[in-house]
S.K.: 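Mind having a look at this structure? Questions to follow.
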Amino acid sequence: QVQLVESGGGLVQAGDSLRLSCAASGRTFSGYAMGWFRQAPGKEREFVAAIRWNGGNTYYADSVKGRFTISRDIAKNTVYLQMNSLKPDDTAIYYCAAGRYIATIPREAEYPYWGQGTQVTVSS
């Protein structure tokens, strides 16, 4: 059983940085993609970033390109989301997700495993 546990959320001011972590357990993750999604109040959940466990290819939503960086530590089975230059529009619950052999990275239906989420609040 795959388990994903997010941490690192909090309340920050616009322009600040945060690093989210997603600790994954339950299996080896070869062939998996690990993604970050977010859901703001009153909005649908949206794709933020993803990384393929093998090879480390990364993918980003246009809204976060140049500000967010996704990475993974294979030895620790952990995925990180470094968020810089945060804006109030980044306020959301951030979810870690995992899925194997994902064809369409931003499509959340392809990720069967989800964490509980961590709240990020950016004040202006």
S.K.: Would you find a donor on one side and an acceptor on the other, under 3.5 Å apart, between the side chain of E110 and the backbone of G99?
M.R.: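 Not a single qualifying donor-acceptor pair exists.
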S.K.: Identify whether F29 and I74 are in the same connected component of the hydrophobic contact network (ILVMFWY, side-chain heavy atoms under 4.5 Å).
M.R.: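 They do share one cluster, since a chain of ILVMFWY contacts under 4.5 Å joins F29 to I74.
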S.K.: Please assess I102 against Y32 for the test side chain to side chain contact (heavy atoms under 4.5 Å, CB included), listing each intermediate value before the final yes or no.
M.R.: CA-CA 7 Å; I102 292 179; Y32 273 66; over 6 Å; no
S.K.: Taking atom CD of Q119 as the centre, report whether more than 12 heavy atoms of other residues, nucleotides or ligands fall under 6.0 Å from it.
M.R.: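 Check passes, neighbour count above 12.
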S.K.: Roughly how far apart are K65 NZ and S63 OG, rounded to 0.5 Å?
M.R.: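 Result: 10.0 Å between the selected atoms.
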S.K.: May I ask whether Y113 and I93 are part of the same hydrophobic cluster, defined by side-chain heavy atoms of I, L, V, M, F, W, Y residues being less than 4.5 angstrom apart, directly or through others?
M.R.: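 Shared cluster, no.
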S.K.: To check you understand the geometry: which heavy-atom pair defines the closest contact between R38 and A92, and what is its length?
M.R.: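 R38 and A92 have their closest heavy atoms at CB-CB, 3.8 Å.
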S.K.: So which atom in W36 and which in C22 form the shortest heavy-atom distance, rounded to 0.1 Å?
M.R.: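 For W36 and C22, the tightest heavy-atom pair comes out as CZ2-CB, 3.6 Å.
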S.K.: Counting heavy atoms not belonging to Q39, are there more than 12 under 6.0 Å from its CD?
M.R.: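 Yes, enclosed.
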S.K.: List the steps and the verdict of side chain to side chain contact (heavy atoms under 4.5 Å, CB included) for V79 and I70.
M.R.: CA-CA 7 Å; V79 176; I70 189 170; 3.9 Å; yes
S.K.: Can you give me the closest heavy-atom contact between L86 and M83, atom names plus distance?
M.R.: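 The answer is CD2-CB, 3.8 Å.
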S.K.: Kindly give the heavy-atom pair with the smallest separation between K76 and Y80, and that separation in Å.
M.R.: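 Taking K76 first and Y80 second, the nearest heavy atoms are CD-OH, 4.0 Å.
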S.K.: Main chain of A23, side chain of T78: is a donor-acceptor contact present, judged purely on distance under 3.5 Å?
M.R.: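 The answer is no, because no donor-acceptor pair under 3.5 Å joins these two groups.
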S.K.: With a 4.5 Å limit on heavy-atom distance, are the side chains of R72 and M34 in contact?
M.R.: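 Counting from C-beta outward, R72 and M34 never come under 4.5 Å.
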S.K.: Could you pull out the closest heavy-atom pair between A14 and S124, with the gap in Å?
M.R.: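 Answer, listing the atom of A14 first, then S124: CB-CA, 4.4 Å.
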S.K.: What's the spacing between L81 CG and T69 OG1 if we round to 0.5 Å?
M.R.: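 With rounding to 0.5 Å, CG (L81) is 8.0 Å from OG1 (T69).
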S.K.: What I'd like to find out is whether the side chain of E6 reaches to under 4.5 Å of the side chain of Y95, using heavy atoms alone.
M.R.: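 With C-beta onward as the side chain, the pair touches.
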S.K.: Just so I know, are the side chains of W114 and C96 near enough to count as touching, which here means a heavy-atom distance under 4.5 Å?
M.R.: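 Contact flag for W114/C96 side chains = no.
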S.K.: Nearest 0.5 Å please: distance from the OG atom of S17 over to the CZ atom of R67.
M.R.: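 S17 atom OG to R67 atom CZ measures 10.0 Å (nearest 0.5 Å).
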S.K.: With sequence neighbours left out, write down each residue that passes ring pair (Phe, Tyr, Trp, His ring centres under 6.0 Å) with Y111, or none if nothing qualifies.
M.R.: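 If we apply the ring pair (Phe, Tyr, Trp, His ring centres under 6.0 Å) test to Y111, skipping adjacent residues, the hits are F37.
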S.K.: Can we say D90 and K87 salt-bridge, meaning some charged N sits less than 4.0 Å from an Asp/Glu carboxylate O?
M.R.: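 Salt bridge between D90 and K87, a charged N being under 4.0 Å from a carboxylate O: no.
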S.K.: If you take all heavy atoms of W53 and S30, which pair is closest and at what distance?
M.R.: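 Looking at all heavy atoms of both residues, the shortest contact is CD1-N, 4.0 Å.
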S.K.: Can you tell me how far OG1 of T58 sits from CZ of F68, rounded to the nearest 0.5 angstrom?
M.R.: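 Result: 14.5 Å between the selected atoms.
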S.K.: Cluster question for you: counting only ILVMFWY and a side-chain heavy-atom cut-off of under 4.5 Å, with indirect links fine, are V120 and F47 together?
M.R.: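 Hydrophobic grouping puts V120 apart from F47.
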S.K.: Walk me through it: do E108 and E44 pass the test side chain to side chain contact (heavy atoms under 4.5 Å, CB included)?
M.R.: CA-CA 11 Å; E108 68 173 85; E44 293 187 353; over 6 Å; no
S.K.: Atom CZ of R52 and atom OH of Y59: how far apart are they, to the nearest 0.5 Å?
M.R.: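 The OH atom of Y59 is 4.0 Å from CZ of R52, to the nearest 0.5 Å.
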S.K.: Between atom CD1 of I105 and atom CD1 of I51, what is the distance when rounded to the nearest 0.5 Å?
M.R.: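 Taking CD1 in I105 and CD1 in I51, the distance rounds to 10.0 Å.
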